[in-house]
Amino acid sequence: MSYVAPKDFVTKMIDAGEAKVFMATRDTLIRAFMAGAILALAAAFAVTVTVQTGQAIVGALLFPVGFSLLYLLGFDLLTGVFTLVPLALIDKRKGVTVRGMLRNWGLVFTGNFAGALTVAVIMAVIFTYAFSVPPNEIGERIGSIGEGRTVGYADHGAGGMLTLFLRAVLCNWMVSTGVVAAMMSTSVSGKVIAMWMPILLFFYMGFEHSIVNMYLFPSGLMLGGDFSVMDYLVWNEIPTVLGNLVGGLAFVGLTLYATHARTAASRRPEGVAAVEPVPAPREAQPVG
């Protein structure tokens, strides 16, 4: 699996955040557009599998294929840059400013939304034969998801808003762990295995991901979901974006940075040598 130690991959996290701040506008938008589109297709795939099999765990097991592909291709999700870019600012990398960070976030949000919306329109056309017939079973399920996760939260008032926010926090804790996990290995198989686990967890648990929602909710509106654009923005997208920011930065970016990039002084008494790791025994070599 070619494991990379935490101290080393945290440095790669900071380097990645710095690179994203200085990336050209065109490249940032293209990479964000493709990330949003691929993740939207993965969401449509997962819902299709869930409806056809009747087993949510099957859809959750297969959804990470989209996440793995988009990161292997070097595309960017808003949830990922929420975690990586602030580290370059905190680390005082030359030329990295708050304005540059916000510019990156704004461009990635725009590209992600455009990509997810493009796929939402395409899939809505497919589910309804260009809106000439009512949506099929999969389209109906997407519409019901939009209702349950907007007006469904609104029905519970402040408690619903808190639940939504916390689901978004937990979501990007897992998604950003997946982003970082890709840096733990130098092999493709190692990256995919490490990414797959936290993404499976977030999707099956029904946590709120701002980019997945950029597909599900516009698509739900086009497919007859009983909620409004304002319901989507107030009772899902805006709180989800804020929760994703808190979850990725607080539970992944800052914690890893604090303990691996800015490690506190050791409490080892002066004069006491560090314990050297015991090397693994060598395999016996065949004779002759």
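Keep in mind that this is a model prediction, so the values were computed, not measured. Along the sequence shown, the residues carry numbers beginning at 1.
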Notebook entry, point to check: Do the rings of Phe217 and Tyr232 sit parallel, tilted or perpendicular, given the 30° and 60° boundaries?
Noted result: parallel
Separation between OG1 (Thr28) and NZ (Lys20), nearest 0.5 Å, reads 8.5 Å
Separation between CD (Glu237) and CG (Leu164), nearest 0.5 Å, reads 10.0 Å
| request: Assess the pair Phe75 and Tyr71: is the distance between their ring centroids shorter than 6.0 Å? | output: no
Across all chains, not counting sequence neighbours, the ring pair (Phe, Tyr, Trp, His ring centres under 6.0 Å) partners of Phe203 are Phe63
Nearest heavy-atom contact between Leu29 and Leu107 is CD2-O, 3.4 Å
Between Cys171 and Asn244, the two heavy atoms sitting closest are CB-ND2, 4.1 Å
Quick check on the hydrophobic clustering: are Val234 and Leu221 connected, directly or via other members, by side-chain heavy-atom contacts under 4.5 Å? no
Separation between CG (Asn104) and CZ (Arg99), nearest 0.5 Å, reads 14.0 Å
Thr79 and Val175 have their tightest heavy-atom pair at OG1-CG1, 3.7 Å
OG1 of Thr48 to CD1 of Ile138, rounded to nearest 0.5 Å, is 4.0 Å
- Going by heavy atoms in the side chains, are Phe207 and Val169 under 4.5 Å from each other? no
Practice item. Indicate the ring-plane relationship of Trp105 and Phe82, choosing parallel, tilted or perpendicular according to the 30° and 60° boundaries. Key: perpendicular
Evaluate the criterion side-chain contact (heavy atoms from CB on, under 4.5 Å) for residue pair Val192 and Val65; output intermediate values, then yes/no.
CA-CA 9 Å; Val192 170; Val65 67; over 6 Å; no
request  = Flag the pair Tyr153 / Glu208 as yes when at least one side-chain heavy-atom distance between them is below 4.5 Å, and no otherwise.
outcome  = yes
field: Side chain to side chain, Val21 and Val85, heavy atoms closer than 4.5 Å
entry: yes
For this session: Determine, step by step, whether Phe109 and Val241 satisfy the side-chain contact (heavy atoms from CB on, under 4.5 Å) criterion, reporting the C-alpha distance in whole Å, the side-chain angles of both residues, the deciding distance to 0.1 Å, and the verdict.
Result: CA-CA 10 Å; Phe109 179 95; Val241 168; 4.1 Å; yes
Heavy atoms of Asn172 and Val252 approach each other most closely as O-CG2, 4.4 Å
Can you tell if the side chain of Lys191 reaches within under 4.5 Å of the side chain of Leu72, non-hydrogen atoms only? yes
Min side-chain heavy-atom separation Leu256-Val180 under 4.5 Å: yes
- Message: Please say yes or no: joined through hydrophobic side-chain contacts below 4.5 Å, possibly via intermediate residues, are Val133 and Val51 part of one cluster?
- Response: no
* Measure the shortest side-chain to side-chain distance between Val10 and Thr259 over non-hydrogen atoms and say whether it is less than 4.5 angstrom. => no
Is the count of non-hydrogen atoms from other residues, nucleotides or ligands lying under 6.0 Å from Tyr129 atom OH greater than 12? no
Under 3.5 Å, side-chain donor or acceptor atoms of residues 86-96 against the rest of the protein: list the pairs with distances, not counting sequence neighbours.
unit_1	atom_1	unit_2	atom_2	d
Asp91	OD1	Tyr257	OH	2.7
Asp91	OD1	Arg262	NH2	2.9
Asp91	OD2	Arg93	NE	3.0
Arg93	NH1	Asp15	OD1	2.9
Arg93	NH1	Glu18	OE1	2.6
Arg93	NH2	Asp15	OD1	3.0

Heavy-atom nearest pair, Val4 first then Thr186, reads CG2-CG2, 3.9 Å
So CG of Asp231 and CD of Glu147: to nearest 0.5 Å the spacing works out to 10.0 Å
Heavy-atom check, side chain of Leu245 versus side chain of Leu78, under 4.5 Å
no
Item checked: Residues Arg103 and Thr25: side-chain donor-acceptor under 3.5 angstrom -> yes
ask   = Is it true that Leu117 and Ile30 fall in one hydrophobic cluster, defined by side-chain heavy atoms closer than 4.5 Å?
value = no
Exercise for the section: Establish whether Val125 and Met214 are linked, either directly or via other cluster members, by ILVMFWY side-chain heavy-atom contacts under 4.5 Å. Expected result: no
Quiz prompt | Pair Asn213-Ser210, side-chain donor/acceptor within less than 3.5 Å | solution = no
Value for CG (Leu77) from CE (Met34), rounded to nearest 0.5 Å, stands at 12.0 Å
The residue among Ile142, Val121, Thr128 that forms side-chain contact (heavy atoms from CB on, under 4.5 Å) with Met222 is Val121
Practice problem: Give the C-alpha distance, both sets of side-chain angles, the deciding distance and a yes or no for side-chain contact (heavy atoms from CB on, under 4.5 Å) between Tyr204 and Leu61. | Solution: CA-CA 8 Å; Tyr204 185 71; Leu61 279 167; over 6 Å; no
Heavy-atom closest pair (Ser176 atom, Gly248 atom, distance to 0.1 Å) is OG-CA, 3.5 Å
Notebook entry, point to check: Can you find a pair of side-chain heavy atoms, one from Met230 and one from Trp235, that are under 4.5 Å apart?
Noted result: no
Intermediate values then yes/no, side-chain contact (heavy atoms from CB on, under 4.5 Å), His209 and Ile199: CA-CA 11 Å; His209 190 275; Ile199 304 307; over 6 Å; no
- Item | Hydrophobic cluster membership, Val49 vs Val119, 4.5 Å side-chain cutoff | yes
